[in-house]
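All values below come from the heavy atoms of this structure, side chains included, with hydrogens, waters and symmetry mates left out.
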Amino acid sequence: MPVFFRITAIAALAAALLLPEGAALAGLGQPTPWQIGLQESGSPVMDDVIWLHTFVLWIITGITVFVLALLVIVMVRFNAKAHPTPSRTTHNTLVEVLWTVVPVVVLVIIALPSFRILFFQLNTPPADLTVKATGVTWNWKYDYPDNGDFEFDSLMLPEKDLKPGQPRLLSVDNEMVVPVNKVVRMQVTGFDVIHAFTVPSFGIKIDAIPGRLNETWFKATREGWYYGQCSELCGKDHAFMPIAVRVVSEAEFAAWVEEAKKKFASNGPPANIATANLSAQ
């Protein structure tokens, strides 16, 4: 046993020394260098996702420690030197019942909150506004049917055009804008191939399938920038389909809508723009 504890201590010390300098918890809305864990929550759905993640982590940590303890006990007490005459026991009713019932109970304990959170994610509450996101190879198009029915393309900014503070491979020329503390219904589809609309801090990830309109929702609880990416392999530029969402106050959103109506008034039908995009590539 002392040897085991010494090995454990050495391993823990090595892990601490090898941990990258500046390792940090994940930030809000975007990845953080050397981050540990999920991105910080920006919506009620993500609050629940993080809670479930932590809850299950404690359970699997307990199981791992328990199994490790059993292995150590077996190695120490039942090796050939300490226990030269092995037991001939082949059955133990109590142990067999326990190793059948306990895993079932653990799975039920995990399943109950999982079902509740899944229902919360999939049951869209009455929406304050609707935004339709269409995946096109290889960018996103946003439509605002409840706010004047305007639409626009959102393309990744080249690295040479980035301004200070804009994250590489995540910044776009025209971001999606929504008001804070409002329920946003997302209608998601694909124009050509299957994509996936994902914003980690909102706890949303849903496939964008041609010919099918999928739906999800979120309610951003804090103003700021939130980033995501296409999460379905969709072709050669799959890695260059970022999603940028700017959450603003209700007054700022109303002003942006009036400006957007004028800015994007000349846009043609979505299919035409998408076709033009495909032809250019």
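With respect to Glu232 and Lys205, no salt bridge is recorded, no charged nitrogen being found less than 4.0 Å from a carboxylate O. Under 4.0 Å is where a charged nitrogen must lie from a carboxylate oxygen, and between Lys219 and Asp128 no such pair does.
The minimum heavy-atom distance linking Cys234 with Cys230 is given by the pair SG-SG, 3.9 Å. Nearest heavy atom pair, residue Met46 against residue Ser41, reads CB-OG, 3.4 Å. Of all heavy-atom pairs between Gln30 and Pro167, the closest is OE1-CB, 3.6 Å. Phe152 and Met176 make their closest contact through CZ-CA, 4.4 Å (heavy atoms, listed as atom of the first residue, atom of the second, distance). Residues Ser201 and Gly29 approach most closely at OG-N, 2.9 Å, considering heavy atoms. Of all heavy-atom pairs between Gly203 and Ser43, the closest is N-OG, 4.4 Å.
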Legend entry - Step-by-step salt bridge (Lys or Arg N to Asp or Glu O under 4.0 Å) determination, Asp207 to Arg212: CA-CA 10 Å; Asp207 285 343; Arg212 178 171 179 173; over 6 Å; no
Inset, instruction - Quick one: do Leu28 and Arg222 satisfy side chain to side chain contact (heavy atoms under 4.5 Å, CB included)? Show the steps, please. - result: CA-CA 10 Å; Leu28 176 66; Arg222 285 187 276 181; 3.8 Å; yes
Inset, instruction - Give the C-alpha distance, both sets of side-chain angles, the deciding distance and a yes or no for side chain to side chain contact (heavy atoms under 4.5 Å, CB included) between Glu250 and Val180. - result: CA-CA 7 Å; Glu250 193 169 356; Val180 69; over 6 Å; no
Inset, instruction - Start with the C-alpha distance between Leu155 and Trp138, add both sets of side-chain angles, then the distance that settles side chain to side chain contact (heavy atoms under 4.5 Å, CB included), and finish with yes or no. - result: CA-CA 8 Å; Leu155 293 91; Trp138 283 271; over 6 Å; no
Inset, instruction - Test side chain to side chain contact (heavy atoms under 4.5 Å, CB included) on Tyr142 and Glu151 and set out the steps. - result: CA-CA 5 Å; Tyr142 299 110; Glu151 59 195 25; over 6 Å; no
Inset, instruction - Give the intermediate values and the outcome of salt bridge (Lys or Arg N to Asp or Glu O under 4.0 Å) for residues Lys263 and Glu258. - result: CA-CA 9 Å; Lys263 180 178 179 181; Glu258 295 305 316; over 6 Å; no
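In this structure the side chain of Val106 reaches within 4.5 angstrom of the side chain of Ile59, judged on heavy atoms. Using a 4.5 Å cut-off on side-chain heavy atoms (C-beta onward), Phe197 and Ile204 make contact. Taking the side chain as every heavy atom from C-beta outward, Val184 and Val131 approach each other to under 4.5 Å. Counting only heavy atoms from C-beta outward, the side chains of Thr221 and Pro44 approach each other to under 4.5 Å. The closest side-chain heavy-atom distance from Met186 to Ile206 is not below 4.5 Å. When side chains are defined from C-beta on, Pro31 counts as touching Gln39, because their heavy atoms get closer than 4.5 Å. In this structure, Ser114 and Leu52 have side chains that are in contact, with non-hydrogen atoms separated by less than 4.5 Å. Looking at heavy atoms from C-beta onward, Val177 lies in side-chain contact with Phe253 at the 4.5 angstrom threshold.
If you chain together hydrophobic residues whose side chains sit under 4.5 Å apart, Leu162 and Leu169 never meet in one group. The hydrophobic clustering, which links ILVMFWY residues whose side-chain heavy atoms are closer than 4.5 Å, places Leu170 and Phe240 apart. Linking ILVMFWY side-chain heavy atoms closer than 4.5 Å, directly or via other members, places Val56 and Val105 in a single hydrophobic cluster. Hydrophobic clustering keeps Ile110 apart from Val104 (ILVMFWY residues linked when any side-chain heavy atoms are closer than 4.5 Å, directly or through intermediates). Transitive grouping of hydrophobic side chains (ILVMFWY, heavy atoms separated by less than 4.5 Å) keeps Trp225 and Trp140 in distinct clusters.
Remark: Met156 CE to Arg168 CZ distance equals 8.5 Å, nearest 0.5 Å. Distance check, rounded to the nearest 0.5 Å: OG1 of Thr134 to NZ of Lys132 gives 4.5 Å. For the atom pair CD (Glu175) and CD1 (Ile243), the distance works out to 13.5 Å, reported to the nearest 0.5 Å. With rounding to the nearest 0.5 angstrom, the OG1 atom of Thr54 is 7.0 Å from the CD1 atom of Ile50. Taking CD1 from Ile63 and CH2 from Trp58, the interatomic distance works out to 14.0 Å, rounded to the nearest 0.5 Å. Going from atom OG1 of Thr189 over to atom CD of Glu215 covers 12.5 Å, rounded to the nearest 0.5 Å.
Checking side-chain atoms of Asp192 against main-chain N and O of Thr137 turns up a donor-acceptor pair under 3.5 Å. Asp153 places no side-chain N or O within 3.5 Å of a backbone atom of Lys141 that could act as its donor or acceptor partner. With Gln35 contributing its side chain and Gly37 its backbone, the two residues share a donor-acceptor pair below 3.5 Å. Judged by distance alone, with hydrogens and angles left aside, the side-chain atoms of Asp143 form no donor-acceptor pair with the main-chain N or O of Pro145 at under 3.5 Å. With hydrogens and angles ignored, the 3.5 Å screen pairs a side-chain donor or acceptor of Asn79 with a backbone N or O of Met75. Remark: the backbone N or O of Thr85 is paired with a side-chain donor or acceptor of His83 at under 3.5 angstrom.
For the residue pair Glu96 / Thr93, no side-chain donor-acceptor distance below 3.5 Å is found, with atom types taken as modelled. When only modelled atom types and interatomic distance are considered, Arg185 and Thr130 share a side-chain donor-acceptor pair under 3.5 Å. For the 3.5 Å distance criterion, the side chains of Asn147 and Lys261 fail to qualify, holding no donor opposite an acceptor.
Under the side chain to side chain contact (heavy atoms under 4.5 Å, CB included) rule, Leu71 has a single partner from Ile73, Val74, Val67, which is Val67.
When the shell of 6.0 Å around CD of Glu259 is examined, it contains 12 or fewer heavy atoms from other residues, nucleotides or ligands.
For Trp217 and Phe120, the ring centers sit closer than 6.0 Å to each other. Taking the six-membered ring wherever Trp is involved, the centroid distance between the rings of Tyr144 and Trp256 falls below 6.0 Å.
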